[in-house]
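Before any comments, here is the structure.
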Amino acid sequence: METREVDVLVIGAGTAGLNAVAELRNTDRDWMLVDSGPLGTTCARVGCMPSKLLIAAGDRAQAVREAGEFGIDVENFSVDAQAVFSRLRAHRDRFVAGVIDGMDKLPEDRIIRGLACFSAPSAVQIERENEAPLRVECRAVVIATGARPTVPPVFQKVGQNAWLSDDVFELDDLPARLAVVGTGAIGLELGQALQRLGVAVDFFSNEAFIGPLQDPEIQQCVRATLSADHRFHLQADIEEAEECEEGGVRMAWKDRGGQRQVQVFERVLLATGRVPQIGALKLENAGLALDEHGMPVGWDPCTTQVGSAPIFLAGDVSHHRPLMHEAVDEGRIAGRNAAHYPETSENHRRTPLAIVFSHPQMAAVGAAFESLDQGEFETGSVSFANQGRARVLDANQGTMRLYAERSSCTLVGAELFGPDAEHLAHLLAWSVQQQLTVKDLLSMPFYHPVLEEALRTALKDLSRRLDIEERCRRYEVIVCPGD
């Protein structure tokens with residue numbers, strides 16, 4: 001067996017792995033990158049970008065469908081599914097090609113295609129197609145193997161009638177009726193986009209929540225708003241799923257009241273989460289302590305190191321914050337610390353920011369609601385129901401909640417459910433990271449009429465609850481109704 005020695009081996013050429021390599025290239029360390037799957041990153045191939053392309057198509061269809069609200073009569077409206085998915089794949093392929101073009105600039109002798117697994121704490125064996133296995137001995141390893149969609153046991157025998165999220169982007173036609181199992185970000189985004197394109201969609205979840213937001217008042221608004229236009233089966237216990245002889249999938253479940261329901265769907269989309277791809281790595285050979293799920297114990301999000309071992313986890317495989325921008329950060333941290341092992345340094349993580357591109361959009365910023373000490377923070381709220389610009393856009397649904405520390409009046413987090421929440425969420429994330437106070441934020445300029453005026457309304461509510469109204473009074477302004 002051929003053996004090579006390197007300082008750092010990076011396993012996985014996704015977003016985290018490529019950013020780890022970018023850090024290693026800034027050092028004098030000898031490195032190698034190994035990957036077994038299709039190149040181009042999860043984000044570009046089957047994640048962020050193709051999903052947003054599908055959502056954009058759904059947005060256009062819905063805009064045409066709702067044009068009558070603005071006095072615009074649209075005739076002969078139809079959706080050409082083949083054209084929708086052709087456009088999606090064309091743009092998706094450009095994004096993927098851009099990533100691969102960047103990889104082409106890396107030295108060829110440092111990139112190995114094959115399946116890696118540990119054979120010893122400092123040795124990894126790579127199984128290569130049509131070549132002898134390669135043994136790599138290294139001082140440190142960055143694991144950036146990403147995550148994969150899960151398939152609940154009840155759907156194991158459904159076959160091709162059950163799709164994973166990755167499968168949606170290869171369609172040429174739309175099913176008449178679809179069951180979406182899972183009401184997290186992936187299920188909501190894809191299911192809602194497909195419904196906007198004309199598919200009859202039923203959403204299923206064994207939880208009472210829709211989306212990732214934790215604030216009970218936000219969740220109440222989410223359920224009331226989305227249930228008006230979508231069929232949700234929450235706290236549903238799916239007992240059976242089987243292929244029908246005539247085609248489709250027969251599903252049987254108990255609803256939240258314990259009543260048994262049976263329905264046939266043309267297809268089922270499984271969006272029940274993703275799990276780290278670690279099974280093939282044989283981490284037991286690396287000398288690591290593993291939990292009941294086979295995950296390494298002792299991972300540090302500020303160093304990405306597993307305990308004191310020369311092993312660093314980055315990106316979705318860490319299961320910390322499985323988002324693209326977090327994978328970038330973790331890859332950079334892992335590459336830097338792996339290069340200097342055994343010396344490592346803690347890195348300040350940026351303010352948490354998560355967005356769901358549903359309609360209305362959802363966003364969570366800063367400290368998670370459930371982590372807040374109930375006696376140490378105050379909440380400011382605003383509804384978009386009568387917000388001026390939201391009404392102009394016929395998008396006046398949702399609510400926003402801001403959280404501030406009582407002692408310092410500093411903004412620590414927020415949850416949003418409303419129009420174009422992606423933009424407000426960024427303003428709030430920057431504010432939290434800068435440790436701005438409510439007074440600081442109320443001193444900022446607010447144009448009229450814009451959705452950002454809702455933020456000012458929520459800040460005013462927060463200032464009253466924090467009993468700092470007198471300090472903020474000089475920032476009061478007179479505006480048109482709907483602020």
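What you see below is based on every heavy atom in this structure, not just the backbone, and it leaves out hydrogens, waters and symmetry mates.
Of the candidates Arg321, Arg349, His325, Arg349 is the only one forming a side-chain hydrogen bond (donor to acceptor under 3.5 Å, both in side chains) with Glu330. The side-chain hydrogen bond (donor to acceptor under 3.5 Å, both in side chains) test with Thr351 is passed by exactly one of Gln433, Gln435, Gln434: Gln433.
Few gaps surround NE2 on His320; more than 12 heavy atoms of other groups in view lie less than 6.0 Å from it. No more than 12 heavy atoms of other residues, nucleotides or ligands shown are found within 6.0 angstrom of CD on Gln82. Applying the 6.0 Å contact sphere to CD of Gln156 captures more than 12 heavy atoms from other residues, nucleotides or ligands. A 6.0 Å sphere centred on CD of Gln220 holds no more than 12 heavy atoms belonging to other residues, nucleotides or ligands. Under a cut-off of 6.0 angstrom, the local environment of CZ in Arg406 is crowded, with over 12 non-hydrogen atoms contributed by other residues, nucleotides or ligands.
A donor-acceptor contact shorter than 3.5 Å links the side chain of Asp7 to the backbone of Asp30. Remark: side-chain polar atoms of Glu453 are paired, donor with acceptor, to backbone N or O of Val450 under 3.5 angstrom. No donor-acceptor pair closer than 3.5 Å links the side chain of Arg45 to the backbone N or O of Val96. The closest donor-acceptor contact from the side chain of Thr145 to the backbone of Pro276 lies at 3.5 Å or more, if one exists at all. Panel note: side chain Asn337, backbone Thr303; a donor-acceptor pair is recorded below 3.5 Å. Side-chain N or O atoms of Trp299 include one that pairs as donor or acceptor with a backbone N or O of Leu313 at under 3.5 Å. Judged by distance alone, the side chain of Asn347 and the main-chain N or O of Ser345 form a donor-acceptor pair under 3.5 Å. A donor-acceptor pair under 3.5 Å is formed between the side chain of Ser318 and the backbone N or O of Gly315. With Arg29 contributing its side chain and Ala339 its backbone, the two residues share a donor-acceptor pair below 3.5 Å. Using modelled atom types, no side-chain atom of Glu189 and backbone atom of Ala193 make a donor-acceptor pair closer than 3.5 Å.
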Check against side chain to side chain contact (heavy atoms under 4.5 Å, CB included), Leu459 and Phe446: CA-CA 12 Å; Leu459 287 167; Phe446 288 86; 4.3 Å; yes
Verdict with supporting geometry, Glu266 and Leu178, side chain to side chain contact (heavy atoms under 4.5 Å, CB included): CA-CA 6 Å; Glu266 187 175 339; Leu178 176 72; over 6 Å; no
Begin with the C-alpha distance, continue with both residues' side-chain angles, and end with the deciding distance and a verdict on side chain to side chain contact (heavy atoms under 4.5 Å, CB included) for Asp172 and Arg89. CA-CA 10 Å; Asp172 285 313; Arg89 286 189 287 270; 2.5 Å; yes
Could you walk me through whether Leu190 and Trp163 satisfy the side chain to side chain contact (heavy atoms under 4.5 Å, CB included) test, starting with their C-alpha distance in whole Å, then the side-chain angles of each, then the deciding distance to 0.1 Å, before giving a yes or no? CA-CA 12 Å; Leu190 297 183; Trp163 295 333; over 6 Å; no
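When side chains are defined from C-beta on, Lys282 counts as touching Glu284, because their heavy atoms get closer than 4.5 Å. In this structure, Val275 and Arg148 have side chains that are in contact, with non-hydrogen atoms separated by less than 4.5 Å. His293 is not listed as a side-chain neighbour of His319, based on a closest heavy-atom distance of 4.5 Å or more. Residues Ile218 and Phe369 have side chains not in contact (no heavy-atom distance under 4.5 Å, counting atoms from C-beta outward). The shortest side-chain heavy-atom distance between Pro360 and Leu226 falls under the 4.5 Å cut-off. Side-chain contact between Leu455 and Leu441: absent, with no pair of heavy atoms (C-beta onward) separated by less than 4.5 Å. Between Phe95 and Leu53 there is a side-chain heavy-atom pair separated by less than 4.5 Å. Residues Asp59 and His359 have side chains in contact (heavy-atom distance under 4.5 Å, counting atoms from C-beta outward).
Residues Gln277 and Val317 approach most closely at O-CG2, 4.2 Å, considering heavy atoms. What you find for Arg196 and Ala61 is that their closest heavy atoms are O-CB, 3.4 Å. The two residues Ala414 and Leu428 come nearest to each other via the heavy atoms CB-CD1, 3.8 Å. The two atoms that bring Pro296 and Leu283 nearest to each other are CG-CD1, 3.8 Å, heavy atoms only. The two residues Val382 and Thr399 have their closest heavy-atom pair at O-OG1, 2.8 Å. The shortest non-hydrogen separation linking Arg223 to Ala208 is NH1-O, 3.4 Å.
Using a 4.0 Å cut-off between charged side-chain N and carboxylate O, Glu131 and Arg113 make no salt bridge. Checked for salt-bridge contact, Arg87 and Asp80 miss the test: no charged N lies under 4.0 Å from a carboxylate O. Between Arg274 and Asp166 there is a salt bridge, since a side-chain N of the basic residue sits under 4.0 Å from a carboxylate O of the acidic one. Between Arg401 and Glu415 there is no salt bridge, since no side-chain N of the basic residue sits under 4.0 Å from a carboxylate O of the acidic one.
Aromatic ring orientation, Phe203 versus Phe232: parallel (interplanar angle below 30°, classes split at 30° and 60°). Taking the six-membered ring for Trp and thresholds of 30 and 60 degrees, Phe312 and Tyr341 have ring planes more than 60 degrees apart, a perpendicular arrangement.
In this structure, OG in Ser205 is found 11.5 Å from NE2 in His233, a value given to the nearest 0.5 Å. In this structure, Leu436 CG and Leu427 CG are separated by 11.0 Å, a value rounded to the nearest 0.5 Å. Separation of atoms CG (Leu451) and NE2 (His423) is listed at 9.0 Å; rounding is to 0.5 Å. Rounding to the nearest 0.5 angstrom, the gap separating the OG atom in Ser122 from the CD atom in Glu137 is 6.5 Å. Separating the CZ atom in Arg336 from the OG1 atom in Thr304 is a distance of 9.5 Å, to the nearest 0.5 Å. Taking CG of Asp329 as the start and OG1 of Thr15 as the end, the distance is 11.5 Å to the nearest 0.5 Å.
Looking at Asp440 and Ser443, their side chains never bring a donor and an acceptor atom within 3.5 Å of each other. Between the side chains of Gln192 and His230, at least one donor-acceptor pair of N or O atoms lies under 3.5 Å.
Under a cutoff of 6.0 Å and an axis angle of 45°, Arg110 and Trp31 form a cation-pi pair.
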